[in-house]
Novice: 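Before we start, here is the structure in question, set down as structure tokens.
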Amino acid sequence: MGEVITINETDFIWMNGKPKGITHAILFDAVGSDHVPAVVGASFVTDLEPIGYMSSKHIASSPHTLMSLGFTGWPIYYGPDKKTIVIEVLTPAHISRDMSAQKNAWLFNYPPARDVARMLNDLGCESFSIMTSDAFDVREGKGFEKPVCVKGEDIGREDLDFESLQTLWGWLPAFMFAVEREGASVLIIPSHGHTMQSKDFVDTHVKEAIKMLKDMGYNTTGCLKRAKVLYQKASSETIEAAKMADDVVTKMRNKTRASRYEGGMFG
């Protein structure tokens with residue numbers, strides 16, 4: 001029997017009732033700046049049929065929820081056992097084009113990020129990890145050489161020996177979870193990078209990240225095998241998207257050059 005539990009501004013729709021006995025949770029952004037965190041997070045999903053969804057007016061990628069967008073919920077799955085749940089963030093943050101742009105990213109992502117932490121605390125979850133990457137740090141020339149784990153209660157401390165530029169979904173739920181109890185962490189995984197060629201799986205830090213999660217008490221049964229398949233598929237799709245983007249930019253540049261000669265002496 002289904003059950004809907006509303007926490008603040010977010011609805012949690014459980015298809016077979018609220019799950020019980022949850023001790024571990026993973027959250028990853030499927031449309032983040034790099035696909036490696038999604039590979040690690042998705043490798044914990046054993047059944048593609050969600051056990052529930054989280055949804056609110058804030059979850060749609062636009063501030064205005066349109067019927068044409070379809071169902072705007074984010075799926076929640078069981079991990080390798082029924083003590084673990086995996087939350088998949090599926091829609092990008094909306095960023096307005098006006099002068100006060102960045103406030104929208106906070107405005108429309110803070111409520112569900114806060115409420116998912118509240119939901120996990122209510123379930124009695126003991127360990128909660130967010131998968132993210134150093135993609136933005138790389139752009140600043142400050143990438144990581146290996147995965148780094150940051151405890152939720154350490155987020156914002158001035159005495160950390162490094163900084164990392166992250167989106168709200170790369171840290172905020174862990175921070176909010178840590179307000180009530182220990183056990184939250186952010187796993188920053190070195191990114192695949194913006195290349196036109198896929199790296200070999202052994203050259204990524206996916207295996208190392210899964211090992212870190214195992215050491216933290218997560219059941220990683222079958223994760224490495226699933227990760228290899230997911231990585232190849234995700235890398236291929238990312239490279240194709242990069243090639244398409246490169247083609248579009250090239251065509252736009254060529255069109256711009258050609259337009260310079262229009263309307264001239266022979267135009």
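All heavy atoms count here, side chains included; hydrogens, waters and symmetry mates do not.
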Novice: Can Thr23 and Glu126 be counted as having a side-chain donor-acceptor contact under 3.5 angstrom?
Specialist: no
Novice: Where do Cys223 and Pro80 come nearest, in terms of heavy atoms and distance?
Specialist: SG-CG, 4.4 Å
Novice: Mind checking the OG1-CD1 spacing from Thr84 to Ile26? Nearest 0.5 Å is all I need.
Specialist: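 The OG1 atom of Thr84 sits 7.0 Å away from the CD1 atom of Ile26.
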Novice: Between the main-chain N or O of Ser191 and the side-chain N or O of Asp134, is there a donor-acceptor pair closer than 3.5 Å?
Specialist: yes
Novice: Near Phe175 CZ, under 6.0 Å, is it more than 12 heavy atoms from other residues, nucleotides or ligands?
Specialist: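 Not buried by this count: 12 neighbours or fewer within 6.0 Å.
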Novice: Check the hydrophobic clustering (I, L, V, M, F, W, Y; side-chain heavy atoms under 4.5 Å; chains of links allowed) and say if Val202 and Val40 are grouped together.
Specialist: no
Novice: At what distance, to the nearest 0.5 angstrom, does CD1 of Ile130 lie from CG of Leu172?
Specialist: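 It comes to 7.5 Å.
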Novice: So which atom in Trp14 and which in Met119 form the shortest heavy-atom distance, rounded to 0.1 Å?
Specialist: CZ2-SD, 3.9 Å
Novice: Roughly how far apart are Thr132 OG1 and Ile189 CD1, rounded to 0.5 Å?
Specialist: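 Taking OG1 in Thr132 and CD1 in Ile189, the distance rounds to 8.0 Å.
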Novice: If you look at every heavy atom in Leu165 and Asp137, which pair is closest and at what distance?
Specialist: N-OD1, 2.7 Å
Novice: Does Gly79 offer a backbone N or O that forms a donor-acceptor pair with the side chain of Thr46 under 3.5 Å?
Specialist: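 Judged by distance alone, yes, a pair lies under 3.5 Å.
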Novice: Spell out, as yes or no, whether a donor-acceptor pair under 3.5 Å connects the side chain of Asn121 to the backbone of Ala117.
Specialist: yes
Novice: Check this for me, if you would: do Lys151 and Glu182 make a salt bridge, where the nitrogen-to-carboxylate-oxygen distance has to be below 4.0 angstrom?
Specialist: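 No, Lys151 and Glu182 are not salt-bridged.
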Novice: If hydrophobic clusters are built from ILVMFWY residues whose side chains come within less than 4.5 Å, do Val39 and Val229 share one?
Specialist: no
Novice: Who are the ring pair (Phe, Tyr, Trp, His ring centres under 6.0 Å) partners of Phe144, not counting sequence neighbours?
Specialist: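 With neighbours one apart ignored, the set is Phe162.
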Novice: Applying a strict under-4.5 Å side-chain criterion to I, L, V, M, F, W and Y, I'd like to know whether Ile5 and Leu27 cluster together.
Specialist: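 Looking at the clustering, Leu27 is in the same group as Ile5.
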Novice: Let me see the working for Ser43 and Tyr231 under side-chain hydrogen bond (donor to acceptor under 3.5 Å, both in side chains), right down to the final yes or no.
Specialist: CA-CA 9 Å; Ser43 74; Tyr231 175 75; over 6 Å; no
Novice: With rounding to the nearest 0.5 Å, note down the distance linking CZ in Arg114 to CD in Glu9.
Specialist: 5.0 Å
Novice: Applying salt bridge (Lys or Arg N to Asp or Glu O under 4.0 Å) as the test, list every pair that has at least one member in residues 171-180; sequence neighbours left out.
Specialist: Arg118-Glu180
Novice: Taking only distance into account, with no hydrogens and no angle test, what donor-acceptor pairs under 3.5 Å do side-chain atoms of residues 209-217 form with protein atoms, sequence neighbours excluded?
Specialist:
unit_1: Lys211; atom_1: NZ; unit_2: Asp215; atom_2: OD1; d: 3.3
unit_1: Lys211; atom_1: NZ; unit_2: Asp215; atom_2: OD2; d: 2.9

Novice: Quick check: is Val138 connected to Val148 through a chain of hydrophobic side chains (ILVMFWY, heavy atoms under 4.5 Å apart)?
Specialist: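 No, no single cluster joins them.
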Novice: Give me the atom names and distance for the closest heavy-atom approach of Asp34 to Val36.
Specialist: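 Closest approach of Asp34 to Val36, heavy atoms only: OD2-N, 3.1 Å.
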Novice: Could you pull out the closest heavy-atom pair between Ser55 and Ile13, with the gap in Å?
Specialist: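 So the minimum-distance heavy-atom pair works out to CB-CD1, 4.5 Å.
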Novice: Applying the side chain to side chain contact (heavy atoms under 4.5 Å, CB included) test to Met131, which of Leu187, Ile188, Val186 qualifies?
Specialist: Leu187
Novice: Quick check: does any side chain N or O of Tyr218 sit under 3.5 Å from a backbone N or O of Phe44, one acting as donor and the other as acceptor?
Specialist: no
Novice: Can you tell me how far apart CD (Gln166) and CZ (Phe136) are? Round to the nearest 0.5 Å.
Specialist: 8.0 Å
Novice: Using 30° and 60° as the class boundaries, would you call the ring planes of Phe128 and Phe177 parallel, tilted or perpendicular?
Specialist: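 Correct class here is tilted.
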Novice: Looking at every heavy atom in both Ala42 and Phe28, which two are closest together, and how far apart are they?
Specialist: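 Taking Ala42 first and Phe28 second, the nearest heavy atoms are N-CE2, 3.6 Å.
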Novice: Please check if the side chain of Glu163 supplies one atom and the backbone of Lys142 the other of a donor-acceptor pair under 3.5 Å.
Specialist: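 Side chain of Glu163 to backbone of Lys142, a donor-acceptor pair under 3.5 Å: no, none is there.
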Novice: Please walk me through it: do Asp115 and Thr10 pass side-chain hydrogen bond (donor to acceptor under 3.5 Å, both in side chains)?
Specialist: CA-CA 6 Å; Asp115 298 341; Thr10 307; 2.6 Å; yes
Novice: Assess whether a salt bridge exists between Lys83 and Asp81, defined as any Lys/Arg side-chain N lying under 4.0 Å from an Asp/Glu carboxylate O.
Specialist: no
Novice: Could you give the distance from CH2 (Trp171) to CD1 (Ile155), rounded to the nearest 0.5 Å?
Specialist: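 One finds 7.0 Å between CH2 of Trp171 and CD1 of Ile155.
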